[in-house]
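The block underneath contains the structure these notes are about, expressed in structure tokens.
Order of the sequence lines sets the chain letters (A, B, ...), proteins ahead of strands, with each chain counted from 1.
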Protein chains: 2
Amino acid sequence: MPESHPAPQRFPVTVDVVALTVRDGELRVLLITRLIEPFRGKLALPGGFVLAGEDLQEAAVRELAEETGVEHLPGHLEQLGSYGPKGRDPRGDVLTVAHLLLAPDFPVLAAGSDAEHAAWYPVREVQGGALELAFDHQRILDDALERAKSKLEYSPLGAAFCGEEFTIAQLRAVYEAVWGTRLDPRNFHRKATGTPGFLEDTGRMTTGDAGRPAALFRLAPEARPTAGHPTRAVLNPPLMRPAVPK
Amino acid sequence: MPESHPAPQRFPVTVDVVALTVRDGELRVLLITRLIEPFRGKLALPGGFVLAGEDLQEAAVRELAEETGVEHLPGHLEQLGSYGPKGRDPRGDVLTVAHLLLAPDFPVLAAGSDAEHAAWYPVREVQGGALELAFDHQRILDDALERAKSKLEYSPLGAAFCGEEFTIAQLRAVYEAVWGTRLDPRNFHRKATGTPGFLEDTGRMTTGDAGRPAALFRLAPEARPTAGHPTRAVLNPPLMRPAVPK
DNA sequence: CGGGATTATTGTCAACGTGACGATAATTTC
DNA sequence: GAAATTATCGTCACGTTGACAATAATCCCG
């Protein structure tokens, strides 16, 4: 891999995290308000420098914990891709490794005065151009959204947006929010419950909501992430998003 | 993204390339023989350090060109993922960004005495444990193979292994080699030619081979990579690999 | 307390995609 | 020319999907 003696170029390396969740049937992304230049006052993805002796995923988890005040991150974290190092930071070449977190809605620290304030923003508003992101974070977000959409098709990771137990309707709301489409409740129910290796009936039911009580499900054992293997399970056949999202 | 003043840790960054091709109906990967420690004499993925002012993809193309003697790389290059930096190089923390090249079979430079010798090795032999790879390159190769398999299902990139024009049988050979399965020629023909936005009939035919002449196809315009967009086209519905590859 | 609204769940049906495999066509090889 | 070889078209049964009807089980409200 190295080919000769001259000391190799070294780069600062950051991790950025696109944390997505669904709240009120709406897809949201975790953003921080930058307190320092460049892009002071602008919104940006949470992230920060990788430290010596750290692996990428470790760094992502640490940064996210620091900036949200959350100890144990819920949901599913995976690497999205790397960007740079050329010309993406006005201060110089910085390589960033973007990550994607699919998580149930969790509260973020109400920031103190000197901390960067993190909050969930509707993706709709960011995409609509109402909000502007720092660096190349808009592009990273776009890639993350596409990845998330595709993940729902081919993996059981839609459930990463839900808690431990959830109803089919809650799961459907996730798909609708991420894909930006409406799905037929009856067909979705058939597909979700009928796909082997996806869901497991808990036997319990919801209560107190409007309408008929719904059965509570959890991820099937084979779709659950384990220590060594952070979820490689595949939905077969896939649950394809409708061709024309509208 | 940065949070305070202390100078951020800097890391050497390399790019590695998993270049795959199909020759004689067999999937092969481009490997070089290391001439220096560590892992001297072992096989490794081609790659090298990212230089100042370079982007990742640029670096990957440059390194591949240097080590194969090939000017313009054929095929499809995409980023696979990043590994490290912790504990993957005995000399210290090195971050590597792995790339995946799907290419038609092209000749590599017969290396001079002092150059690292690059050659196409059957993936089968590497997976069989007959050959051992340096660093964490075995893991990277595994990830690359999985990515390649999945690419064939959901994208028109199988054609990246073929030349400009190809027959359905040649394309099928690619799928068979990458997936490690046999496919029914009649069903594959129906699916390949019947999928909208995938193939385009050139009107020309093969000649000279054994058996009935075959029609020559090329990638449909909408599946062809363009300058700005390096192929985002998707096969819908997907061409799924058989459930039990054997 | 009962009817209406609301949500969940079970079915039905036609259209479509897929796997298995038969049949035919157009070449090369001997 | 006959046999072998490869390409291509067709057929059929089966499973999946989208569209949509029908029923079930709750809450809400007067």
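A donor and an acceptor atom never sit less than 3.5 Å apart when one is taken from the side chain of B:Arg186 and the other from the base of C:dG19. A donor N or O paired with an acceptor N or O is found under 3.5 Å between the base of C:dG19 and the side-chain atoms of B:Arg190. Evaluation of atom-type donor-acceptor distances gives no pair under 3.5 Å for the side chain of A:Arg212 against the base of D:dA25.
Mapping A:Asn187 and A:Met205 onto DNA chain D via the closest heavy atom, the residue that lands nearer the 5' end is A:Asn187. For the pair B:Gly211 and B:Leu239, nearest-nucleotide mapping onto DNA chain C gives the more 5' position to B:Leu239.
For the OP1/OP2 pair of D:dA7 and a distance below 4.0 Å, the side-chain nitrogens and oxygens of B:His189 include no atom meeting the criterion. Contact between the side-chain N/O atoms of A:Lys191 and the OP1/OP2 oxygens of D:dT16 is not found at any separation under 4.0 Å.
Note on ring orientation: taking the six-membered ring where Trp is involved, the planes of A:Phe135 and A:His137 are tilted (angle from 30° to 60°).
For the residue pair B:Asp105 / B:Thr21, no side-chain donor-acceptor distance below 3.5 Å is found, with atom types taken as modelled. A donor-acceptor contact closer than 3.5 angstrom is absent between the side chains of A:Thr206 and A:Thr167. Residues A:Tyr83 and A:Asp143 bring a donor and an acceptor atom of their side chains to less than 3.5 Å of each other.
In this structure, the CZ atom of A:Phe188 is 19 Å from the C1' atom of C:dG11, given to the nearest Å. Put simply, CG on B:Leu183 is 11 Å from P on C:dA20, counting in whole angstrom units. The CG atom of A:Leu216 sits 12 Å away from the C1' atom of C:dA8 (whole-angstrom rounding). Taking atom CD1 of residue B:Ile168 and atom P of nucleotide C:dA26, one finds them 18 Å apart after rounding to whole Å. Look at CZ on B:Phe166: it is 14 Å from P on D:dA7, rounded to the nearest Å. Atom-to-atom, CG of B:Leu171 to P of D:dA7 comes out at 12 Å; the value is rounded to the nearest Å. With rounding to whole Å, B:Asp184 atom CG is found 15 Å from C:dG17 atom C1'. For the pair A:Met240 CE and C:dC16 C1', the interatomic distance rounds to 14 Å; values are reported in whole Å.
Within 4.0 Å of B:Asp209, counting heavy atoms only, lie sugar-phosphate atoms of the nucleic acid but no base atom.
Scanning both residues, B:Trp179 and B:Glu153, for their nearest heavy atoms gives CZ2-CG, 3.5 Å.
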